[in-house]
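Chain identifiers are assigned alphabetically (A, B, ...) following the order of the sequence lines, protein sequences preceding nucleic acid strands; residue numbering begins at 1 within each chain. Treat the numbers as computed from the prediction; the structure is a model and nothing was measured.
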Amino acid sequence: MLRTVYLIPLLPLLSFVLITLGGRRLPGKGSFVAIAAIGWGLFQSLSIFFQVLLSPEWHPYHVDLYDFLRVGGGGNAVPLVQIAFQIDGLSSVMLVVVTLVSFLVHVYSLGYMGYGTHEEDQRFSRFYSNLSLFSFSMLVLVLADNYAVVFMAWELVGLCSYLLIGHWFEKDYPDPRQITPRQAAIKAFLTTKVGDLGFVIGLAWLYSLCQAADPGHVHFNMDYVRETVQKGLESGAIAPWALTAVGICIFFGAIGKSAQWPLHTWLPDAMEGPTPVSALIHAATMVAAGVYLVGRIFPILTPDAGLFIAYTGGFTALFAASIALAQNDIKKVLAYSTVSQLGYMILSLGVGAADPTGQTRGYQSGLMHLTTHAMFKACLFLCSGSVIHAMHHALHHVHSERDPQDMRNMGGLFSPTGLFGFLETLFLLPLMPILSRFSPRYQEAWSSAKMPATFWTMLVATVAISGVPLFSGFISKDAILGGTLHFASEHPEHALLAVFGFGAAALTAFYMFRLIFMTFFGAPRLPEHAFEHVHESPRVMTVPLSILAVLSFWIFFNPDPTGGLITHSHGWFFEKVPAPARAGLSARTETAKPDAAAAEASRAQGLSLLPAAQAEAGHADAEGQASTGPSGPTPHGVSASGHAEGAAASGHASAHGDSGHSIHVLALVLSLMVAFSGIALSRSWYGVQGGVPAAALAQRWPWLYDRLLHKWYFDEFYRAWVVRPGLHLARILYDFDMGVVDLFVNGCGAVAVLISQFKGAVDTYIVDGLVDAVGFTVKVFGDVLRRLQTGIVQSYLVYITLLTALGVILFELMG
Amino acid sequence: MVNFPYLSFMTFTPVFGALFLLLIPKENARGIRTAAAFFTLLTLVISLFAWRAYDLTLDPAAHPVQLVEGKAYDPQAPDAERLSAGSAWIPAFHIYYFVGVDGLSLPLLLLTALISTVAVIASFNIENRVKEYFFFMLLLEAGMMGVFSALDFFLFYVFWEVMLVPMYFLIGVWGGPKKEFAAIKFFLYTLFGSVFMLVAMLALYFWSGHPDRGIPHTFNLLELKRQAGGFNPAFQLVVYWALFLGFAIKVPIFPFHTWLPLAHVEAPTAVSIILAAVLLKMGVYGFLRISFPILPLATQQYATVLLVLGFINVVYGAFCAMAQSDMKKLVAYSSINHMGYCLLGMASLSAIGLNGAIFEMLGHGFVTGSLFLLVGVVYDRAHHRDIDGFGGLGVRVPKYAGLMTLACMASLGLPGLCGFVGEFLCLLGAFNPNRILGNDATFKVFTALSVIGILVTAGFFLWMIQRVFLGKLNPKYAELPDLDGRETVAAIPLAVMTVLAGVFPWFLLKVMDPASQALVTHIVSHAQQVSTSGGDVVSWLR
Amino acid sequence: MVTLNHYLLLGAAMFAIGIYGVLTRRNILGILISLELMFNAAMVNFAAFNAFTPDGKPRVMPFQGQALPELHGQVFALFIILVAAAEAVVGLALVLAIYRNLKSIYVEHLNLLKW
Amino acid sequence: MAGWMFILFALLILAGSLGVVALRNVMHSALMLGVALFGVAGVFLLLGADFLAAVQVVVYVSGVLILMLFVVMLTHRLYDRTLAQTNERRLLASVLCLALFVMLGLGITAENAASLRGAADRGFRQWAGIDPVATVGRLGELLLKPYVVPFEVASVLLLAALVGAILFTKREPGKS
C-alpha cells in the first residue's frame with residue numbers, strides 16, 4: 001500500500017484523461033470511472049492512515065517517482081525538482097481528508113448534477129473530469145515532499161478551481177452587477193495567482209538562501225531545505241531577516257489560496273460554482289491547502305514570520321466573520337465562514353510559529369482544525385447544496401425568478417410551525433426521532449419536516465463549527481483558542497490575537513445559527529405552491545451528508561470531549577502529527593552563553609518582538625526539552641533534537657504544568673461562553689424575533705450595516721484601484737507602444753522615405769538634369785552640326801583639311 | 001569519424017523538396033501539398049534520427065559539438081588542424097562548411113522540423129499560388145535549419161539572410177490587408193539588425209587569429225569562442241552591441257519589437273506559427289551561440305542590461321497584450337512577454353537560467369505555435385479575430401476550446417505544461433544569478449518585479465478565454481464547425497509536446513544541460529581570468 | 001645647290017594641289033586622279049629623305065665590296081606605289097560599280113551618307 | 001646641272017598637277033597626271049633612286065594611268081563636258097590649300113629645323129657620288145630581309161585588291 005502510494009493520485013489522473021478523451025461513452029458518462037478512481041484512493045488512504053495510526057513510531061516514508069528537473073548533469077545525487085512523495089503523519093491524515101471528502105462529493109454530485117434525470121447537467125462528463133483532475137492535483141499537493149512540487153500542484157488545483165467555478169460559464173444574471181460564474185472563475189484564478197507570485201518569489205529566494213548555506217547542489221526537498229536552513233542560520237550564512245522574508249513570501253501563496261485578508265474576495269464569489277465544488281474545493285481541501293502549506297513550511301518559519309502569519313489569520317478570522325453577519329446568500333455566509341475558519345487555522349499556525357517554546361501547540365491545533373473543519377464545512381456546503389437543489393426545484397416548478405440561494409426566500413424548511421426552546425434547539429433536537437414518539441408537539445414537527453436529513457446533518461455541522469462541546473469543532477477550536485490565549489498571556493502585547501480568536505468565535509456561533517434559523521425555522525417565505533414542491537434530496541445526496549455529519553462528532557478526534565483536560569491526552573492527531581523541528585529558530589547567537597539553551601537563543605535572535613520577561617518560561621521549556629531531548633543541553637537545543645519531533649510535544653505536555661493548564665481551562669470556559677452567547681443572541685434575534693432586532697440595529701447604524709453588507713467594499717476597492725488601473729495601464733502602454741515606439745520606428749522609415757524622396761528630387765532635377773543637359777547640349781549642337789553633314793565626301797574632307805591646317809598652326813604656335 | 005551527414009540532410013532536404021516542387025505542374029495543388037508535406041516530414045524523421053544519434057555520454061569538453069560533417073573540431077588539436085574543422089567552402093577566407101550541434105541547437109533543430117511540418121499541414125488550405133507558397137515554405141525551413149546547425153559565422157550569416165527572403169514573400173504575398181507594409185517593415189527591420197551583425201562578424205574575423213604567427217583569421221564559432229580571452233574589453237563592448245542590435249531585433253527585445261505584432265497579424269497562419277515558434281528563437285540562439293561564448297567580458301558586463309530589458313519585455317509585453325482585441329496581436333504580444341523570460345534566464349548567466357532560457361524557447365515554440373494555429377483556425381471560419389466578436393464558443397466547439405485552453409494555460413505557465421518549466425527555471429535562475437555578476441540585489445529586485453508579468457499574462461489569457469469561449473453562445477456562430485481532421489492532425493503534435501515537455505522536462509533538459517553548464521563554465525573562467533590578472537571588468541568603463 | 005628643303009617644298013606643293021583637286025573635283029575619277037598626286041607627293045618626300053638622310057657609315061655589300069647607302073625610304077616609296085596601285089584598282093572598280101548602279105559618277109549624287 | 005634638272009622636273013610636276021586639278025575634261029586631267037608622274041620619276045632619278053624611277057614609269061604611268069584612262073572612257077558621258085567639273089567650294093578649297101602649303105613651307109623652312117637640314121645636306125653630299133645602279137640589289141635585300149613581312153602583307157593586299165576589283169566590276173546575274 002505504501003509503495004504504491006502514487007496510485008492514489010495517478011488513478012484520478014487516468015480517470016481525468018479517460019473522461020476527457022472518452023467523455024460520454026464511459027460508464028455513467030464518466031462519473032463512475034471518477035468515483036471508482038477516488039474510491040480506490042480512499043481505500044488506500046485509509047489503509048495507509050491506519051498503518052500510520054497504529055504504528056508506535058512512524059518515520060516519514062519516501063517514494064521517489066522520477067526526476068522532473070535536473071540541473072548540473074547526472075552527477076548530482078538529487079535533482080533540482082524531483083517528483084517524490086512522502087507519507088508522514090500530516091500527509092496521511094490529509095490523504096484521508098482529501099479522498100474522503102472528494103469521494104463523498106463525487107457521489108453527492110451524481111444527485112446534485114442530476115445524473116440520469118431530465119435535469120442532468122449538459123457538461124456532466126466534463127464536470128467529473130475536472131473533479132478527477134482536481135483530486136489528482138490536490139493529492140499530489142498533499143503527498144509532495146518537495147516545495148516545488150507543492151507549488152506545481154498548487155497551481156494545478158488553482159486551474160481546477162477555475163474550471164469548476166466556471167462550470168456554468170454561459171450563465172448570465174439579469175443584474176449586471178452580480179458576478180457571473182465565468183467572472184468569478186477568473187477572479188479566483190487571478191486573485192490566488194497574486195499570492196502565488198509571492199510563493200514563487202519565496203521559492204526562488206529560498207533557493208538562494210540554501211545556496212548561501214550549501215554552495216553545492218541545491219534542491220527543494222523539504223528535509224534538505226530544513227537542514228540546510230538550519231545549517232545556514234547556525235553558520236550565519238543566512239540572515240534571519242531573509243528567512244523571515246522568505247517565510248512571509250511563501251505565506252503569500254497561502255494568503256491567496258486560503259483567501260486570507262486582503263486576498264479573500266475571490267472565495268465568496270467562487271460560490272458561483274456548483275455547490276459540490278464549493279464543498280470540495282472551496283471549503284474542505286483547496287482553500288485548506290494554504291494552511292497545509294504553512295504547515296509544510298513551518299520548520300523554516302522564524303518567529304517574526306509567525307507573528308505576521310498569526311496577525312493575518314487572526315484579523316481575517318474576525319473580519320470575515322463580521323461580513324458573514326450580514327450576508328443573505330446561504331453560500332456566501334458559508335464562504336465567509338470558511339474564510340474566517342481558515343483565518344483561525346492560520347492564526348493558530350502563526351501563533352505556533354511565533355512561539356519558540358512550542359507550548360501553544362499552534363501547529364497541531366491549526367492542522368487539526370483543518371481536518372475537523374474539512375468534515376463539517378463540507379457537510380455544511382453539501383447541506384446548503386441540498387437546500388438549494390430543493391429550492392431550485394421548487395422555484396423552477398412555479399417558474400419563479402427568485403434567487404434559490406437567498407435565505408430571505410427560505411424559512412421553515414424544517415419546521416414551519418414554530419420554534420423550540422433554546423435548550424431543545426441545542427440538545428433535544430438530536431433526540432427528536434425518539435421524542436417524537438412520545439410528544440405530539442415533536443411528533444408534529446417531525447412529521448411535517450420538509451428536509452429532515454438535510455436539517456439534521458446541517459445542524460450537527462453548525463453546532464460543530466460553533467464550538468459546542470461534544471463536537472469536533474469544539475476540540476480543535478478550543479485548542480486554538482487555548483494556544484492563542486496562552487501566547488497572549490505570555491506576550492501581553494499580542495493580546496489582540498486572543499481578541500481576534502474569541503471575537504471570531506462569538507460571531508461564528510451567531511451567524512451560523514442565524515443561517516439555521518433563517519433557513520429551517522420560522523414561517524416559510526416561499527410562495528405556498530412553491531413550498532409544496534420542496535422535497536428532501538435523494539439518497540445519493542443525503543448519505544454523504546450523514547457520513548460527514550457523523551464525522552463531526554468529537555469521538556473521532558479525541559475521546560475526551562474537553563480536548564485533553566480530563567484525560568490529559570490531546571488525541572491521536574497531536575500524537576501522529578507532531579510539530580516538526582524548527583530550523584527557523586536556530587539563528588547563530590554570538591552573545592549566547594553555552595548554557596543558555598534554545599529559549600535564550602531564540603529570545604535573543606529569532607524573537608526580537610518577545611519581551612525579556614519571557615525568559616522564565618523559555619527556560620522552563622528549554623529544560624523540559626533538554627531532559628527529554630537525546631543530546632542534552634547544547635547551544636542549539638531545538639535544532640539538536642533533530643528528528644525527535646515527538647519529544648517536543650511530550651516535553652510540552654510535561655512542561656505545561658500549572659500555568660498552561662490554568663490558561664487552558666480559562667480558554668475553555670471563555671470559548672464556551674462566547675459560543676453560547678453567540679447562539680443565544682442568534683436565537684433571540686432570528687429564532688424568536690424573526691430578525692427584527694437586527695433590522696433595527698441596521699437602521700441605527702446604517703453605515704456599519706452597509707459596510708458589512710458590502711463586504712467592507714473590498715471588491716469595489718480592488719475594482720477601482722487594481723483592476724481598472726491595470727486595464728488603464730495596459731491601454732496606456734499599448735498606446736505608448738503604438739504611439740511612441742512604433743511611431744519612432746515608422747518615423748525612421750518615413751524619414752528614410754523623405755530623405756530618399758529628397759535625394760530622388762536631387763537625382764531627378766540635378767544629377768539627372770545634368771545628364772539631360774549634356775544630352776540636350778549635344779542635341780542642340782547636333783542640330784547645328786548635322787547641317788554640316790551633307791553626305792558629300794568632299795565637304796567632310798574640307799573640314800578635315802581645315803582642322804589639319806588648324807592643327808598644324810597650333811603645332812607651329814606651340815613651338 | 002565520419003557520420004551520416006544528418007545536418008546536411010536536414011538542411012538540404014527542404015531545398016531539394018523546393019526544387020522538386022518546381023517540377024510539379026501548377027495546377028496539381030494536391031500533389032504540391034503532398035510533396036511539401038512529405039519533404040518536411042522527411043526532414044522531421046531525419047532530425048529524429050539525429051536526436052537518436054546524438055551521444056549524451058560524450059564529454060562536452062572534448063566534444064563541444066557532435067554530428068559534425070567533414071573534419072570535427074577538436075579543442076586540443078594543433079592550430080591548423082583545429083581551424084580547418086568542417087569542409088572548406090571558401091578557402092581563401094578560411095570559410096568552412098562547418099555544421100554541428102550541441103545541446104543548445106539540437107532541440108531547436110527538432111523544434112524547427114516539427115513546427116515546419118505542422119506549418120505545412122496547417123497551410124493546406126492555401127489556394128492562391130500554391131506552388132510558390134510551398135516553395136518558399138521549404139526554402140524557409142532550409143534557412144532555419146541552416147542557422148541552427150551552422151558553426152561557421154559566415155555560414156550562419158548566409159543562412160540567416162536566406163531566411164529573410166522567403167519570409168518576406170510569404171508575408172507580402174499571402175498576408176492580410178496590410179501585408180506589403182508588414183513584409184517590408186519586417187524585412188527592413190531585420191536587415192537593419194543584420195547589417196550590424198555583419199560588421200561584428202567581420203570585426204571578429206579580423207581580430208581573430210595571428211596571421212603573423214601562421215594562425216589565420218577565422219569564422220569558426222568554436223575557435224572564436226576558444227580565442228575569447230584574446231579580445232580586449234573595449235573591442236568586446238563594440239562587437240557586443242553590434243551583435244546585440246542584430247539579435248535584439250529578432251528576439252525581439254523592447255524597444256525593437258514593434259515589427260512583431262504587425263508581422264504576426266498580417267502573416268498567414270502557418271507563417272505566424274513559424275515566425276513565433278522558430279524565428280523568434282534565433283535572436284536568443286544568437287546570443288547564446290555567438291555573443292555569450294565569444295564575448296564573455298561584455299556578456300558579464302551587460303548582463304544587468306539584459307535583465308532590465310527582460311523585465312521590461314515581460315511586464316510591458318504582458319500589459320500590451322492585455323489591451324488587445326485582436327487574438328493574433330494578443331498572442332504576438334504574449335510572445336514578447338515570453339521572450340522576456342528567456343532574457344531573464346540568460347541574463348543570470350547561471351546554469352539554471354540558461355537551461356530555463358533554452359527550455360522557454362522550446363516551450364514557447366510548442367505553445368505559441370499551437371496558439372497561432374488555433375487562432376488561424378477560427379479566423380478561417382469566422383473571418384475575423386476580434387475577441388469581443390465571439391462569445392460562448394465553448395459550447396459549440398469543445399475540441400477547439402479544449403486545445404485552445406490547453407495552449408493558453410501552457411502559455412501562462414501552468415505546471416504540468418511546458419510553459420511552466422521554462423518560466424520557473426528562468427525566474428529561479430534570474431533570482432540567483434551567477435556570482436561573477438556581483439549585483440545580486442538588482443537581479444532579485446527585477447526578477448521579483450517581473451512576476452507581475454505572470455499575473456498579467458494569466459489575466460489576459462483568461463480574459464480572452466472568457467470572451468471567446470464562455471458566456472452565451474453568439475447566435476452568429478451557432479453553426480461553427482469544430483476542428484476538422486487536418487487541423488486536428490496539425491494541432492495534436494504540438495499539444496502532445498506541450499504536455500510531454502511539461503510533465504517530463506528532463507528528456508529535453510538532459511540534452512541542454514551539458515551545453516548550458518559548459519557555457520557557464522566558459523564565461524566564468526574568462527571572467528575569473530580578468531579578476532585574477534588584476535583588471536577590473538568594470539573599471540575600464542568608468 | 002638643291003637642298004632637302006626644295007624637294008620638300010615641291011612635295012608640299014604637289015600635296016596641296018592634290019588636296020585642292022580632291023576637294024573641288026565633282027567627278028570621282030578626278031578625285032582619284034588628285035589622290036594619285038598626293039601619293040606622289042609623299043613618295044617624293046620619302047625619296048628625298050632617303051637621299052638626304054645622314055647615314056655616316058656606308059655599308060659594304062658582301063658580294064660587290066661596294067659601299068651602299070641605306071634605302072629604307074625608297075622601300076617605303078615602293079610600298080606606296082604598291083598601295084597606290086591597289087587603291088587605284090579597287091577605286092576604279094568601285095567607280096565602275098557606282099557608275100553602273102547610279103549612272104553617275106558625280107559626288108553630289110552619292111549622298112547616301114547624308115543624315 | 002642637278003639644279004637645273006630639279007627646276008625642270010619641278011616645273012613639269014607643278015604644271016602637270018595644276019593641269020590635273022584645273023582642266024575640265026577628265027581625260028585631260030588624266031593625261032596631265034601622266035606628265036606629273038613623269039616629273040616625279042625624274043626627281044627620283046635626281047635623288048639617286050633609279051629603281052624607284054623605273055617603277056614609277058612602269059607601274060604608275062603605264063599601269064595605273066592607263067587603267068584610269070580606260071575607266072574615264074568607260075564612264076564618259078556627253079554632258080560631262082557641259083557640266084562644271086568643279087564644285088562651288090573652289091574658293092574655300094584654294095584658300096585652304098594655299099594656307100596648308102604656306103604652313104608646310106613655313107614648317108619646312110623653320111629655324112629650328114636648320115640643324116637637321118644642315119646635317120641632311122652634308123649627308124647628301126657624302127652620298128652623291130655613289131653609283132646609282134647599285135640600289136636594286138640593296139632594295140631587294142631590304143625587301144626580302146627586314147621588310148619581308150610588310151612585303152608579304154603587301155602581296156596579300158594586292159591579291160585582295162585583285163579580288164575586290166573583280167568582284168566590284170562583275171555584273172550581277174540577271175541585272176542589265
Which pair of heavy atoms, one from [X] and one from [Y], lies closest together, and at what distance?
| X | Y | result |
| --- | --- | --- |
| C:His72 | D:Tyr147 | ND1-OH, 2.8 Å |
| C:Arg25 | D:Leu23 | NH1-O, 2.8 Å |
| D:Val64 | C:Ala88 | CG1-CB, 3.6 Å |
| C:Ser34 | D:Val21 | OG-CG1, 4.2 Å |
| C:Ala12 | D:Phe101 | C-CD1, 3.7 Å |

Which one wins on heavy-atom pair count under 4.5 Å against chain D: [options]?
| options | answer |
| --- | --- |
| C:Leu82, C:Val89, C:Val90 | C:Leu82 |
| C:Gly73, C:Ala86, C:Gly91 | C:Ala86 |
| C:Ala47, C:Gly21, C:Gly30 | C:Ala47 |
| C:Val44, C:Ile19, C:Leu78 | C:Leu78 |
| C:Leu9, C:Leu23, C:Leu32, C:Val75 | C:Val75 |
| C:Val22, C:Leu96, C:Asn40 | C:Asn40 |

Check whether [X] gets within reach of chain C through its side chain, its backbone, both or neither, counting any heavy atom under 4.5 Å.
| X | value |
| --- | --- |
| D:Ala154 | both |
| D:Leu100 | side chain |
| D:Leu74 | both |
| D:Ala160 | neither |
| D:Leu67 | both |

### Query
So which of D:Ser155, D:Ala165, D:Ser17, D:Pro150 has the largest heavy-atom pair count under 4.5 angstrom toward chain C?
D:Ser17
### Query
Taking D:Ile166, D:Val20, D:Val43 one by one, which has the highest count of heavy-atom pairs under 4.5 Å against chain C?
D:Val20
### Part of residues 53-61 of chain D lying next to chain C, heavy-atom separation under 4.5 Å
D:Val55, D:Gln56, D:Val59, D:Tyr60
### Over 12 foreign heavy atoms within 6.0 Å of CZ, C:Phe76
no
